[in-house]
Amino acid sequence: MARKQLDKVYDPSQVEDRLYHEWEEKGLFKAEVDPKKTPYTIVIPPPNITGQLHMGHALDETLQDILIRFRRMQGFAALWVPGTDHASIATEAKIVEAMRKEGLSKEDLGREGFLERAWDWKKQYGGRIVEQLKKLGSSCDWSRERFTLDEGCSEAVKEVFVRLYEKGLIYRGERIINWCPKCQTSISDAEVEYSEQAGHFWHLRYPFADGSGYLELATTRPETMMGDTAVAVHPDDERYKHLIGKTVILPLMNREIPIVGDTYVDMKFGTGVVKITPAHDPNDFEVGLRHNLPIINVMTDDAKMNENAGKYAGMDRYEARKAVVADLEEQGFLVETEDHSHNVGTCYRCSTTVEPRVSKQWFVKMEPLAKPAIDAVKNGEVKFVPERFDKIYYNWMENIKDWCISRQLWWGHRIPAYYCDDCGEMVVAKEAPTVCPKCGKSHFHQDEDTLDTWFSSALWPFSTLGWPNQTEDLKYFYPTSTLVTGYDIIFFWVARMIFSALEHTGEVPFKTVFFHGLVRDAQGRKMSKSLGNGIDPLEVVKEYGADALRFTLVTGNSPGNDMRFSEEKVRASRNFANKIWNATRFVLMNLSDEITSIALPDTLTVEDKWVLTQYNSLVKEVTDNLEKFELGIAVQKLYDFIWDILCDWYIELTKSRLQAGGETSLNAQKVLAFVLAGTMQMLHPIMPFITEEIWQALPTGGGSIMVSKWPEYREDLNFGAESDEFQKVMDAIKGIRNARAQMNVPPSKKASLFIETNSPDTFKSGEAFFQRLASASEVNVSDHYEMEGAVQVVTDSARIFIPMGELIDREKELARLNKEKAACEKDIQMVQGKLSNEKFTAKAPANIVEQERQKLLKANERMAKILESIAALG
RNA sequence: GGAGGCAUAGCUCAGUUGGUUAGAGCGCUCGCUUCACAUGCGAGAGGUCGUAGGUUCGAGUCCUACUGUCUCUACCA
């Protein structure tokens, strides 16, 4: 049979889509519940349906695919559950925006109409991101694809809500929450992003009601003063404590408000007096609760002043700020205006400044849930990689506040709470009740709010596997093995999955969380739409191939660290793919039809043993590294082995044997095929396409590399001593090349070699290598040569004479040898220094001391040869 | 205010439990169209591993302080 002819340059576009379809058709992504196997499960961090695949996804998916493919080849029942997130606030914002362009509002369509439109949107765009994932080579089990708003996930959400409510862990109440005036919904604390903004500090006078003077205080938000219901001072503050209980007149509003004493006030800051606006500041709200202060909301949903704001009603909050300041100044209440920069909370979706306000919302009581979730990480049931994220997690969980889960949105899981139209009684249940338990009537309306999108994401590891039903999948694949995600969503998502899983399934959701960093641009900036510095992974795939992109994303990457992405790096990866391709071409064009399977020959040459020893330790190390999530290190080792050891050395070494033909050639072919096939298997998780293409071109039996058996370390392939012996030949070749390069001798100019050595057999057997790799015309080996006027190359095990006649410049040669002598002297000094240190010989481990002794021995031998060579120069 | 990361070659970064003379890619210099590959081959230059101490026979690696830098987090009105 004729071997497949490969093109000179690897073209991923000819390969990738074809192979992906082939894998899909053969059902290779599909995981089966198999009691004979150990499950290995990853659930995808579901991308938003509105989303476009960006570099962050590409990194995330690549890492997951590497782990899944690796474990699949190791024989695990490897399941990667894919899916998407409905992303309530982000999606709704996009749809509303699209509608606005058509002159439509949500209210125009009504809830039903809006949802219809939203589902259309999902149909149109939800599939897009899935197609993009496929371009990367993601080996997800698409038959198990899920969506956070699908029937099963919705079932899980309702079940969880009702359970938590019945346990008293979900409650509804008037609390101060973060309100986004643009998205027109509450958002959780985690969804607020703080940014430093320049503002002002307005110093104001609030006069005492009895006319005996005034209190001076400062505020950054004068427009909220219409909602002031007190002024607070520290109860221990000598300046003010006698005033507690008196009242002041709220300027502009002419309302009498009390002076209260509260330890929240920092005596050292400002004047030590704080105006209290319980409806619009989280701290003031707390103070208000402690002192039973009235709560006066002065703003509307879209952050305009409301009727409680008197003459400012109808103004936008910033407009009102100006007007209030102007009035205060005019009426003499403004003492001074100071520049002040402060942290302003903004909405993580639309960056609008959020408005803290009091409103009736649903909350999850966090303390009882947080505790077991902290313990699970502390006792190692959930392991973070790298470990440092433990601290960040503890810090958040230990200071966690109740989670506001209701959103004033339509796109999402509607809260399963029903109110009796007649008596107002509330019933929380998975299905709408038919009869009111209080009044017996039967008309209900459901709560208008939906749930925070993260409420459903928190259930993702088990809701996707069928929970609350005890499905076969759930029993077999849960808890999942590894969660791969960016450290930026540790609070939003990772923490919430942990406490949700523990509460509802009694188990951790995953055993390990493998965190990666952000992908930044070449200058180290965050890739963002507004900067326009984002690189589209799909463009990269198109131009360089998915393998090159994947390789780029893992190479030199270490867990939890940000990385820079540049096209330059992709080009290097593409070159690597091409290198592999050409190594394969070389093997295939030399591979005889007689070889029909991958198997080592019965007799191995010394260079075979050398390469197999290297290969064998590569197997061990790469496996170890992958198991420890050291993907960057594993990739580096594969790269070095393939490029340096396999291509630059071993392939070159086989050339003379391949030309010799017969048994000699066949044996070399077998070793080449064996090493190449094994290396492709180990590289497959990282570069799935090219490795599959190569695998199928090799006599591997016709199956897919995806489901081939991962290489294992073999004691019988460890030829330590013989491998070391071959190293002597390599050292000599390098030394000769070095000397020739220094003299600018082109490879075309061949020269005789006279090798003086105590290992004559080793060097004699390397004759062909010296000819091919060190430009030797003939090779002579002996235990002694007397020769003048020759270039002399000294290695640990040999002294090589190269008679080059007129090319030799005695002075230069002398300088070169003296330089080597100096370097060798330095070595000897250093090693001797160590060995003469009694503390070292006494305390260092025996093998280290022995190592140093060997080093000294070699260096001394080497020195003797160098001295002889210098003497020979005359 | 609290916490954490990072600091290694001109640039971007690796460096696993402390153990040879600290590595790679890109860039640079010299030579090479050698029958897999110029997306290549051979050779080379380039580093007091941020600073100062400490632990250790031995520190890029562990500890302390400092400097620079980035990030997260927090209620300073």
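Just the heavy atoms: all of them, side chains too, but no hydrogens, waters or symmetry mates, feed the values below. These figures come from a predicted structure and were not determined experimentally. Order of the sequence lines sets the chain letters (A, B, ...), proteins ahead of strands, with each chain counted from 1.
Of the candidates B:C35, B:C75, B:G42, B:C35 carries the atom nearest the A:Gln659 side chain, counting heavy atoms from C-beta on. The nucleotide whose nearest atom lies closest to any side-chain atom of A:Asp648 is, among B:U73, B:G15, B:C41, B:C41. Distance from the side chain of A:Asn561 is smallest to B:G5 among B:C37, B:G5, B:U16. Of the candidates B:C57, B:A43, B:A77, the closest approach to any side-chain atom of A:Lys734 belongs to B:A43.
On a pure distance criterion of 3.5 Å, no polar donor-acceptor pair joins the side chain of A:Lys8 and the base of B:C37. For A:Glu652 against B:A36, a side-chain N or O and a base N or O form a donor-acceptor pair under 3.5 Å. A donor and an acceptor atom never sit less than 3.5 Å apart when one is taken from the side chain of A:Arg571 and the other from the base of B:U39. Looking at A:Asn395, its side chain has no donor and acceptor atom pair within 3.5 Å of the base of B:U73.
Put simply, A:Lys579 has a side-chain N or O that comes within less than 4.0 Å of OP1 or OP2 on B:C41. A:Ser558 has a side-chain polar atom (N or O) that falls below the 4.0 Å cut-off from OP1 or OP2 of B:A14. A:Trp643 has a side-chain polar atom (N or O) that falls below the 4.0 Å cut-off from OP1 or OP2 of B:C41. For the OP1/OP2 pair of B:A38 and a distance below 4.0 Å, the side-chain nitrogens and oxygens of A:Asn578 include no atom meeting the criterion. For A:His340 and B:A77, the shortest distance from a side-chain N or O to OP1 or OP2 is below 4.0 Å. Between A:Asn738 and B:G44 there is a side-chain N or O to OP1 or OP2 distance below 4.0 Å. Of the side-chain N and O atoms in A:Lys655, one or more sit less than 4.0 angstrom from OP1 or OP2 of B:A36. The phosphate of B:U20 has neither OP1 nor OP2 within less than 4.0 Å of any side-chain N or O from A:Lys834.
In this structure, A:Glu398 places its CD atom where more than 12 heavy-atom neighbours from other residues, nucleotides or ligands lie under 6.0 Å away.
Per the geometry, CG belonging to A:Asn557 stands 10 Å off P belonging to B:G15, to the nearest Å. Counting to the nearest Å, the C1' atom of B:A36 and the CG atom of A:Asn575 are 15 Å from each other. Across the protein-nucleic acid pair, A:Asp281 atom CG and B:C76 atom P stand 10 Å apart, rounded to whole Å. One interatomic measurement links the two molecules: CH2 of A:Trp396 to P of B:A3, which rounds to 20 Å at whole-angstrom precision. For the pair A:Glu398 CD and B:C72 P, the computed distance is 21 Å after rounding to whole Å.
With sequence neighbours excluded, no residue satisfies side-chain contact (heavy atoms from CB on, under 4.5 Å) with A:Ala572.
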ring-ring contact (aromatic ring centres under 6.0 Å, His included) between A:Phe201 and A:His203, intermediate numbers included: CA-CA 6 Å; A:Phe201 226 0; A:His203 293 254; 5.7 Å; yes
Stepwise side-chain contact (heavy atoms from CB on, under 4.5 Å) check, A:Val729 with A:Phe770: CA-CA 8 Å; A:Val729 174; A:Phe770 286 106; 4.0 Å; yes
Per-nucleotide pairing state of RNA chain B [Watson-Crick or G-U, under 3.5 Å; [ ] pseudoknot-crossing; | other strand]: (((((((..((((.....[...)))).(((((.......))))).....(((((..]....))))))))))))....
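Judged purely by distance below 3.5 Å, without hydrogens or angles, the side chains of A:Ser188 and A:Glu191 pair a donor atom with an acceptor atom.
Salt-bridge formation is detected for the pair A:Arg862/A:Glu820: a Lys NZ or Arg NE/NH1/NH2 atom is positioned less than 4.0 Å from an Asp or Glu carboxylate oxygen. Salt bridge annotation for A:Asp189-A:Lys401: absent, with no cationic side-chain nitrogen under 4.0 angstrom from a carboxylate oxygen.
Note that the CZ atom of A:Phe384 and the CD1 atom of A:Ile490 stand 5.0 Å from one another [nearest 0.5 Å].
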